[in-house]
Amino acid sequence: MGKTPTIKDLEKSESAFRDYIHSLEDQLSTKASDVQSKVDAEITAFYKDSGYTDAKNITSGLNYDFMQEQSFSMDNLKGIIDAISQAVFTGGKPPAGATVDKDGVSTAKAELGPTIGEMANLELYIAGQVFNVLSSIMLSFGTSSALTFKTNMQNKPLGYGMQLFAAVSSESYQSTSFFHNEYIYEYLYIYSVKFSVQQAQSEVKQQLVRLYSDQITVFKQRELDLLDQLSAGKITPEAYTTANAVFDTLIAAVEKKIGDLKAVALQAALNSAKVR
C-alpha cells in the first residue's frame with residue numbers, strides 16, 4: 001500500500017500545493033488580527049481586575065499549523081512550545097513567530113531567585129503547563145468533521161507570578177486536489193506569558209494560607225487521636241488535658257497567622273480598588 005502524502009511532503013515537491021497553503025495562511029492572517037485584539041483585551045481586563053500593575057511580558061507569539069486529517073498530530077505544537085521555553089529559560093533562539101522579552105525575563109529571574117537554581121525543572125513545568133492549555137483547546141474542536149472558523153481562549157496562572165493568555169483558532173478545508181477529499185485542519189496559536197512581582201508575592205501568601213490550613217488539619221487530627229487514646233484508657237486524663245492544650249495553642253497561633261495574611265490581602269485589594 002502506498003503512503004498517504006503528508007503536508008510537509010507536498011510542500012517540498014508540489015509548487016501548486018505550496019501556493020494553496022500560502023493562500024490559506026493569508027486568509028488565516030486576516031482573521032488573526034481580530035483574535036489578537038481579543039487576547040489583548042483579555043490581558044488588559046485581567047490586570048485591571050487583579051490590581052497587578054507591574055506585569056511584564058515574558059514571551060508572546062503567533063504561529064500557524066496545518067494538519068492532514070489522516071496524520072493528525074500535536075508534535076508541531078509541542079516543538080513550538082519546547083523551543084519557546086528553552087528560549088525563555090536558557091537563552092536559546094525563539095522559533096519563528098515568537099518573541100522573548102529580555103527585560104521581562106530578567107525581572108522574573110531576579111524575583112524568583114533560588115527557584116532559578118532548579119531552572120531545568122521550572123522550564124519543564126512551564127512548558128508542560130502551556131502545552132496542556134493549548135492542546136486541550138485544540139482537542140476540544142475535534143478532528144472528525146468540517147470546522148467553521150472558531151476560537152477558544154483561556155488565561156491561566158502558571159505559578160511563580162506568571163500568567164498565560166492563549167487563544168487557539170481552528171478551521172478546516174476539504175482538499176479535492178491533494179488528499180482525495182480529506183480535510184486539512186489549520187490552527188492559529190496566539191499566546192502571551194506575563195510576569196508580575198505583585199502576583200508572585202500574592203501567590204506566596206496564598207500558598208502559605210494553604211500550608212497553614214493543612215497544619216490545622218493535622219493538629220486537629222492529633223487531638224482526635226488523643227481523645228481515642230483517652231477513651232481506650234491508654235493515657236490519663238491529666239496527660240490528655242496537657243497535650244490537648246498544646247495543640248489548642250498551636251491551632252490558635254496558626255489561625256491567627258491565616259487571619260493576618262487574609263487581612264493583608266484584603267487591605268491590598270481595597271487599596272487597589274481605590275487606585276482604579
Side-chain angles (χ1 to χ4, degrees), residues 6-8 21 24-47 49-50 55 57-89 94-100 122-174 182-196 199:
T6 66
I7 287 177
K8 287 184 178 180
I21 289 295
L24 296 184
E25 287 179 344
D26 289 342
Q27 294 175 38
L28 199 54
S29 177
T30 300
K31 296 173 182 177
S33 60
D34 181 56
V35 178
Q36 182 68 67
S37 296
K38 292 178 180 178
V39 173
D40 292 342
E42 178 81 5
I43 292 172
T44 299
F46 173 82
Y47 286 108
D49 293 342
S50 67
N57 193 51
I58 295 291
T59 183
S60 59
L62 182 155
N63 298 92
Y64 302 135
D65 201 3
F66 296 88
M67 298 187 193
Q68 180 192 0
E69 181 181 358
Q70 293 301 319
S71 57
F72 181 88
S73 168
M74 287 189 290
D75 289 343
N76 288 347
L77 173 59
K78 187 175 186 307
I80 291 170
I81 293 170
D82 288 346
I84 292 169
S85 182
Q86 290 170 15
V88 170
F89 290 106
T99 58
V100 174
L122 184 58
E123 176 189 333
L124 181 64
Y125 165 76
I126 297 299
Q129 289 282 74
V130 175
F131 179 73
N132 180 54
V133 170
L134 292 181
S135 62
S136 65
I137 297 175
M138 185 174 165
L139 289 173
S140 71
F141 294 132
T143 59
S144 59
S145 60
L147 295 173
T148 55
F149 188 82
K150 61 173 65 175
T151 300
N152 192 331
M153 295 173 53
Q154 285 190 23
N155 84 68
K156 179 179 180 180
L158 301 178
Y160 307 100
M162 287 180 274
Q163 190 82 13
L164 167 68
F165 302 87
V168 179
S169 299
S170 181
E171 191 168 16
S172 66
Y173 292 91
Q174 195 168 24
E182 290 180 8
Y183 284 97
I184 291 177
Y185 296 95
E186 62 176 16
Y187 295 92
L188 164 68
Y189 313 115
I190 293 178
Y191 45 85
S192 178
V193 177
K194 294 187 175 293
F195 172 77
S196 161
Q199 184 173 355

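Predicted, not measured: the structure shown is a model, and the values here were computed from it. Only this structure's heavy atoms are used, side chains among them; waters, hydrogens and symmetry mates stay out.
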Donor-acceptor pair, Ser33 side chain versus Ser29 backbone, under 3.5 Å? no
Looking at Ile137 and Gln154, what are the two nearest heavy atoms and their distance? CG1-NE2, 3.6 Å
If you look at every heavy atom in Gln199 and Met162, which pair is closest and at what distance? NE2-O, 4.2 Å
Under a 4.5 Å cut-off applied to non-hydrogen side-chain atoms, are Glu171 and Lys31 in contact? yes
Taking the inter-plane angle between the rings of Phe46 and Phe165 on a 0 to 90° scale, is it parallel (under 30°), tilted (30 to 60°) or perpendicular (over 60°)? perpendicular
What is the distance from atom CG of Asn155 to atom OH of Tyr47, rounded to the nearest 0.5 Å? 8.5 Å
What distance do Tyr187 atom OH and Leu134 atom CG have between them, rounded to the nearest 0.5 Å? 12.5 Å
So do Asn152 and Val168 actually touch side chain to side chain, heavy atoms under 4.5 Å? no
Testing Leu62, Val130, Asp65 one by one against Tyr189 for a side-chain contact (heavy atoms from CB on, under 4.5 Å), which residue passes? Asp65
Quick one, Thr151 and Lys38 - any side-chain contact, counting heavy atoms below 4.5 Å? no
Would you name the heavy atoms of Lys194 and Ile43 that are closest together and state the gap between them? CE-CG2, 3.5 Å
What are the two closest non-hydrogen atoms of Thr99 and Thr59, and how far apart are they? O-OG1, 2.8 Å
Smallest heavy-atom separation, Ala32 atom then Ile190 atom, equals O-CD1, 3.8 Å
Is the side chain of Ser60 donor-acceptor paired with the backbone N or O of Tyr191 at a distance under 3.5 Å, no angle test? no
